[in-house]
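Here's the structure, in structure tokens; my notes come after.
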Amino acid sequence: MTGLSEILKTAILVRDAGDIDHAESQTRAALKAFPGSMDAVLILADLLRKHGRLDEARVFLERQLPAWPNHSDLHYQLARVVIEYYRCQ
């Protein structure tokens, strides 16, 4: 089995190379294999946000809140998504 760090490293490398679909599939695979990975949550949310899928990113992050109600990076990422969403309206 491939480890979480290897999957996420691949996701970041392909994202940086411009292959967003592959980066997203890698990150979703990481979340499936390692559902408790906040790194994977934040990477996926950032991918969605950067590619204009703001509502999807917002819903995804809001669904993570019960598991990590005090996680500052989660709240920060959610705030970024919400602010960007309202700026685009």
Side-chain angles (χ1 to χ4, degrees):
M1 175 186 240
T2 304
L4 175 63
S5 61
E6 290 84 17
I7 297 170
L8 294 179
K9 187 183 295 185
T10 299
I12 291 168
L13 287 172
V14 297
R15 176 205 63 196
D16 292 348
D19 190 350
I20 303 310
D21 291 336
H22 189 200
E24 182 179 341
S25 70
Q26 285 291 111
T27 307
R28 288 188 187 277
L31 279 170
K32 187 173 182 177
F34 304 94
S37 171
M38 179 53 70
D39 288 335
V41 165
L42 295 174
I43 290 169
L44 180 57
D46 193 52
L47 282 167
L48 296 171
R49 182 187 63 80
K50 286 181 178 177
H51 295 286
R53 294 161 60 188
L54 300 173
D55 200 46
E56 186 179 350
R58 180 189 55 78
V59 169
F60 173 71
L61 289 167
E62 287 175 346
R63 287 184 179 153
Q64 309 308 312
L65 287 172
W68 294 293
N70 299 317
H71 199 288
S72 60
D73 290 337
L74 177 61
H75 286 276
Y76 174 75
Q77 189 73 274
L78 179 57
R80 288 179 70 185
V81 167
V82 170
I83 289 168
E84 195 167 329
Y85 176 83
Y86 283 106
R87 284 185 179 161
C88 293
Q89 296 302 310

Measure the [atom1]-[atom2] distance between [X] and [Y] for me, rounded to the nearest 0.5 Å.
{"X": "Leu47", "Y": "Arg28", "atom1": "CG", "atom2": "CZ", "answer": "9.5 Å"}
{"X": "Gln26", "Y": "Leu13", "atom1": "CD", "atom2": "CG", "answer": "10.0 Å"}
{"X": "His51", "Y": "Arg15", "atom1": "NE2", "atom2": "CZ", "answer": "8.5 Å"}

Nearest atoms (heavy-atom pairs only) where [X] meets [Y]:
{"X": "Ala11", "Y": "Ala23", "answer": "O-CB, 3.4 Å"}
{"X": "Ala40", "Y": "Ala30", "answer": "CB-CB, 4.2 Å"}
{"X": "Pro69", "Y": "Pro66", "answer": "CD-O, 3.6 Å"}

Between [X] and [Y], is there a donor-acceptor pair closer than 3.5 Å when you use the side chain of the first and the backbone of the second?
{"X": "His71", "Y": "Met38", "value": "no"}
{"X": "Ser25", "Y": "His22", "value": "yes"}
{"X": "Glu84", "Y": "Val81", "value": "no"}

Using the side chain to side chain contact (heavy atoms under 4.5 Å, CB included) definition, which of the options Leu42, Leu8, Leu44, Ile43 pairs with Ser37? Leu8
One pair to check against side-chain contact (heavy atoms from CB on, under 4.5 Å): Ile20 and Val14. What are the steps and the verdict? CA-CA 7 Å; Ile20 303 310; Val14 297; over 6 Å; no
Decide whether [X] and [Y] are clustered together by the hydrophobic rule: side chain heavy atoms of Ile, Leu, Val, Met, Phe, Trp, Tyr closer than 4.5 Å, transitively.
{"X": "Leu48", "Y": "Ile12", "result": "no"}
{"X": "Leu61", "Y": "Leu65", "result": "yes"}
{"X": "Phe60", "Y": "Phe34", "result": "no"}
{"X": "Leu78", "Y": "Leu54", "result": "yes"}

Pairing of Asp46 and Lys50 as salt bridge, 4.0 angstrom limit: yes
Go through the steps to decide whether Arg58 and Arg53 satisfy the test side-chain contact (heavy atoms from CB on, under 4.5 Å), and finish with yes or no. CA-CA 9 Å; Arg58 180 189 55 78; Arg53 294 161 60 188; over 6 Å; no
Do [X] and [Y] make a side-chain contact, defined as non-hydrogen atoms from C-beta onward lying under 4.5 Å apart?
{"X": "Ile7", "Y": "Thr27", "answer": "no"}
{"X": "Gln77", "Y": "Leu74", "answer": "no"}
{"X": "Glu56", "Y": "Arg49", "answer": "no"}

Worked check of side-chain contact (heavy atoms from CB on, under 4.5 Å) between Asp73 and Trp68: CA-CA 10 Å; Asp73 290 337; Trp68 294 293; over 6 Å; no
Does the side-chain contact (heavy atoms from CB on, under 4.5 Å) test come out yes or no for Ile83 and Arg80, once each step is laid out? CA-CA 5 Å; Ile83 289 168; Arg80 288 179 70 185; 6.0 Å; no
